[in-house]
Protein chains: 2
Amino acid sequence: MESLAADVFSRACTSREALEHVTGKWSLLALSALQEAPHRFGELRRRVDGVSEKMLSQSLQTLERDGWVHREVRSTIPPHVEYRLTPAGAELAPKLLALIGFVEDRLPQVHAARDRHDAAH
Amino acid sequence: MESLAADVFSRACTSREALEHVTGKWSLLALSALQEAPHRFGELRRRVDGVSEKMLSQSLQTLERDGWVHREVRSTIPPHVEYRLTPAGAELAPKLLALIGFVEDRLPQVHAARDRHDAAH
DNA sequence: CAGAATCCCTCTTGATACTG
DNA sequence: CAGTATCAAGAGGGATTCTG
């Protein structure tokens with residue numbers, strides 16, 4: 001029997017999949033944007049610069065399915081759809097923001113490291 | 001010259017690339033493993049269950065280039081190569097661990113959300 | 001042991017166009 | 001407005017072989 005606790009290091013552990021869903025390129029940015037405020041689809045698309053409609057839609061569906069994001073539809077004409085973080089998502093987002101903030105702050109060092117590394121070879 | 005503040009939401013911002021490097025499927029796990037202790041290549045390969053030599057090698061090279069991981073070679077026979085976190089990496093890793101731990105803890109809720117979502121359609 | 005190099009295939013990605 | 005459908009291109013990833 002293996003350990004009872006979830007273990008990302010194990011190939012079979014589903015936490016790996018769940019983790020990939022939230023750390024995905026576009027998911028990460030969508031969650032961060034939603035941390036600021038609820039957004040409509042088009043707003044999100046503009047906020048997350050460079051994302052295609054397809055990938056945004058796909059990412060949002062996955063995030064909704066995993067319970068991080070709530071999707072609210074108002075059946076008006078034209079349609080109005082709003083995305084917001086669920087309570088779980090609201091707990092998750094700050095951890096992502098911490099990560100993003102840290103990497104942004106360290107960006108100069110990252111570039112310096114790359115220059116050093118590239119120069120050495 | 002680009003914007004003064006790093007902004008992941010901007011398509012052009014290089015922080016996005018740096019972020020993808022550390023949140024990549026295998027990079028994330030490699031950094032987590034190295035947080036526990038320095039590892040040799042083969043140890044890392046066994047610890048990160050499911051990774052191929054190719055992808056592990058590739059991930060480690062990227063992490064080394066960005067300055068999160070240090071690679072130390074001892075020119076013995078057989079060769080001995082040890083990977084460890086740099087000081088920057090040691091600051092980064094806990095943030096990743098926090099994320100992983102959170103998602104692992106929430107795994108039951110994630111599955112429950114999926115079941116609810118799938119049942120509704 | 002620690003990788004580099006190669007081949008090969010699948011899955012993701014991203015324009016573009018179309019729909020309710 | 002908020003997506004879905006389609007298709008071409010490229011990256012991701014596995015298996016195998018080779019080298020210092």
Side-chain angles (χ1 to χ4, degrees), chain A residues 8-9 11-12 16-30 33-34 37-66 69-84 117-118 120-121, chain B residues 9-12 16-30 33-34 37-65 69-84 117 120-121:
Chain A
V8 272
F9 289 115
R11 187 202 310 250
R16 233 187 230 190
E17 185 195 5
L19 197 58
E20 282 161 30
H21 287 173
V22 304
T23 58
K25 181 177 179 180
W26 303 121
S27 299
L28 191 62
L29 295 175
L34 292 177
H39 283 71
R40 299 180 58 175
F41 186 86
E43 292 172 340
L44 221 36
R45 174 137 164 58
R46 284 184 292 277
R47 183 86 181 97
V48 181
D49 189 25
V51 70
S52 67
E53 293 185 347
K54 179 182 166 184
M55 293 315 298
L56 180 58
S57 173
Q58 204 170 98
S59 300
L60 288 171
Q61 280 175 26
T62 301
L63 292 174
E64 191 199 355
R65 193 169 104 95
D66 280 12
V69 164
H70 175 72
R71 178 173 182 270
E72 185 187 341
V73 185
R74 288 180 211 156
S75 302
T76 54
I77 296 178
H80 183 111
V81 179
E82 196 162 271
Y83 293 90
R84 66 180 70 248
H117 185 266
D118 294 349
H121 305 286
Chain B
F9 289 113
S10 167
R11 186 200 311 247
R16 230 186 233 189
E17 185 195 4
L19 197 58
E20 283 161 31
H21 287 173
V22 303
T23 58
K25 181 177 180 179
W26 303 120
S27 300
L28 189 62
L29 295 175
L34 293 177
H39 283 71
R40 299 180 58 176
F41 186 85
E43 292 172 341
L44 222 36
R45 175 137 164 59
R46 283 184 292 276
R47 181 89 181 95
V48 180
D49 189 25
V51 70
S52 68
E53 292 187 350
K54 179 182 164 184
M55 293 316 298
L56 180 57
S57 175
Q58 203 171 98
S59 300
L60 288 171
Q61 281 176 25
T62 302
L63 291 174
E64 191 199 355
R65 194 169 104 93
V69 165
H70 175 71
R71 178 172 181 271
E72 184 188 341
V73 185
R74 288 180 211 156
S75 302
T76 53
I77 295 178
H80 183 110
V81 179
E82 197 161 270
Y83 293 90
R84 66 180 69 250
H117 185 266
H121 304 285

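Every chain is numbered from 1 and lettered A, B, ... according to where its sequence line falls, protein lines coming before strand lines.
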Find every protein N or O atom lying less than 3.5 Å from an N or O atom of nucleotides 16-20 of chain D, and list the pairs.
none

* A/Glu20 has an atom CD; how far is it from atom C1' of D/dG13, in whole Å? -> 13 Å
* Not counting sequence neighbours, which residues clear ring pair (Phe, Tyr, Trp, His ring centres under 6.0 Å) with B/His117? List them please. => B/His121
* To do: Look at all strands and tell whether B/Arg45 reaches a base, only sugar-phosphate, or nothing, counting heavy atoms closer than 4.0 Å.
  => nothing
* **Short side-chain N/O contact to D/dA15 OP1/OP2 from B/Ser52, under 4.0 Å** => no
* Closest approach of A/Ala30 and A/Leu44, non-hydrogen atoms and distance? -> O-CD1, 4.5 Å
* To do: Report the residues that fulfil side chain to side chain contact (heavy atoms under 4.5 Å, CB included) with B/Pro38, sequence neighbours left out, ordered by chain and then residue number.
  => B/Glu82, B/Arg84
* Quick one: does A/Asp49's side chain have a donor or acceptor within less than 3.5 Å of a partner on B/Arg11's backbone? -> yes
* Asked: What is the distance, rounded to the nearest whole Å, between atom CZ of A/Phe41 and atom P of D/dG3?
  -> 5 Å
* Does the side chain of A/Tyr83 come within less than 4.5 Å of A/Val69's, by heavy atoms? -> yes
* Asked: Just how far, in rounded Å, is P of C/dC1 from CD of B/Glu82?
  -> 15 Å
* Structure fact -> All heavy atoms of A/Pro79 vs all of A/Arg40, minimum pair found to be O-NH2, 3.5 Å
* To do: Sequence neighbours left out, what pairs pass salt bridge (charged side-chain N to carboxylate O under 4.0 Å, His left out) with at least one residue falling in residues 53-66 of chain A?
  => A/Arg45-A/Glu53, A/Arg65-B/Asp118, A/Asp66-B/Arg114
* Structure fact -> Of all heavy-atom pairs linking A/Leu28 and B/Thr23, the shortest is CD2-CG2, 4.4 Å
* Asked: A/Val51 or B/Tyr83: which one's nearest nucleotide on DNA chain C is closer to the 5' end?
  -> B/Tyr83
* Asked: Mapping B/Arg71 and A/Gly50 to their closest nucleotides on DNA chain C, which lands nearer the 5' end?
  -> B/Arg71
* Asked: With sugar-phosphate meaning primed atoms plus P, OP1 and OP2, does A/Glu43 contact a base, only sugar-phosphate, or nothing at under 4.0 Å between heavy atoms?
  -> nothing
* Asked: Considering all heavy atoms of both residues, which atom of A/Val48 and which atom of A/Trp26 are nearest to each other, and what is their separation?
  -> CG1-CE3, 3.7 Å
* **Interatomic distance where CD belongs to B/Gln61 and C1' belongs to C/dG3 [whole Å]** => 9 Å
* To do: Would you mind reading off the bend of the helix from C/dC1-D/dG20 to C/dG20-D/dC1 from its two end axes, five pairs each, to 10 degrees?
  => 50°
Under-3.5 Å N/O pairs linking protein and nucleotides 8-12 of chain C:
none

* To do: Give, ordered by number, those residues of residues 21-30 of chain A having at least one heavy-atom distance below 4.0 Å to an atom of DNA chain C; if nothing qualifies, reply none.
  => A/Lys25, A/Trp26
* How would you list, by chain and number, every residue that makes a side chain to side chain contact (heavy atoms under 4.5 Å, CB included) with A/Thr62, sequence neighbours excluded? -> A/His21
* Donor-acceptor pair, side chain of A/Ser59 and main chain of A/Met55, under 3.5 angstrom -> yes
* Does C/dA4 have OP1 or OP2 sitting under 4.0 Å from an N or O in the side chain of B/Ser57? -> yes
* To do: Check whether any side-chain nitrogen or oxygen of A/Arg40 sits under 4.0 Å from OP1 or OP2 of D/dC1, and answer yes or no.
  => no
* By side chain to side chain donor-acceptor pair (under 3.5 Å) - contacts of A/Gln61 (at least two apart) -> A/Ser57
* To do: Check side chain to side chain contact (heavy atoms under 4.5 Å, CB included) between A/Val8 and all other residues, then give those that pass, not counting sequence neighbours.
  => A/Ser15, A/Leu19, B/Leu29, B/Ile100, B/Glu104
* To do: Using whole Å, report how far CZ of A/Arg46 lies from P of D/dG3.
  => 13 Å
* Asked: Residues in side chain to side chain donor-acceptor pair (under 3.5 Å) with A/Arg46, at least two apart?
  -> none
* Asked: When the distance from CD of B/Glu64 to P of C/dA2 is rounded to whole Å, what number comes out?
  -> 15 Å
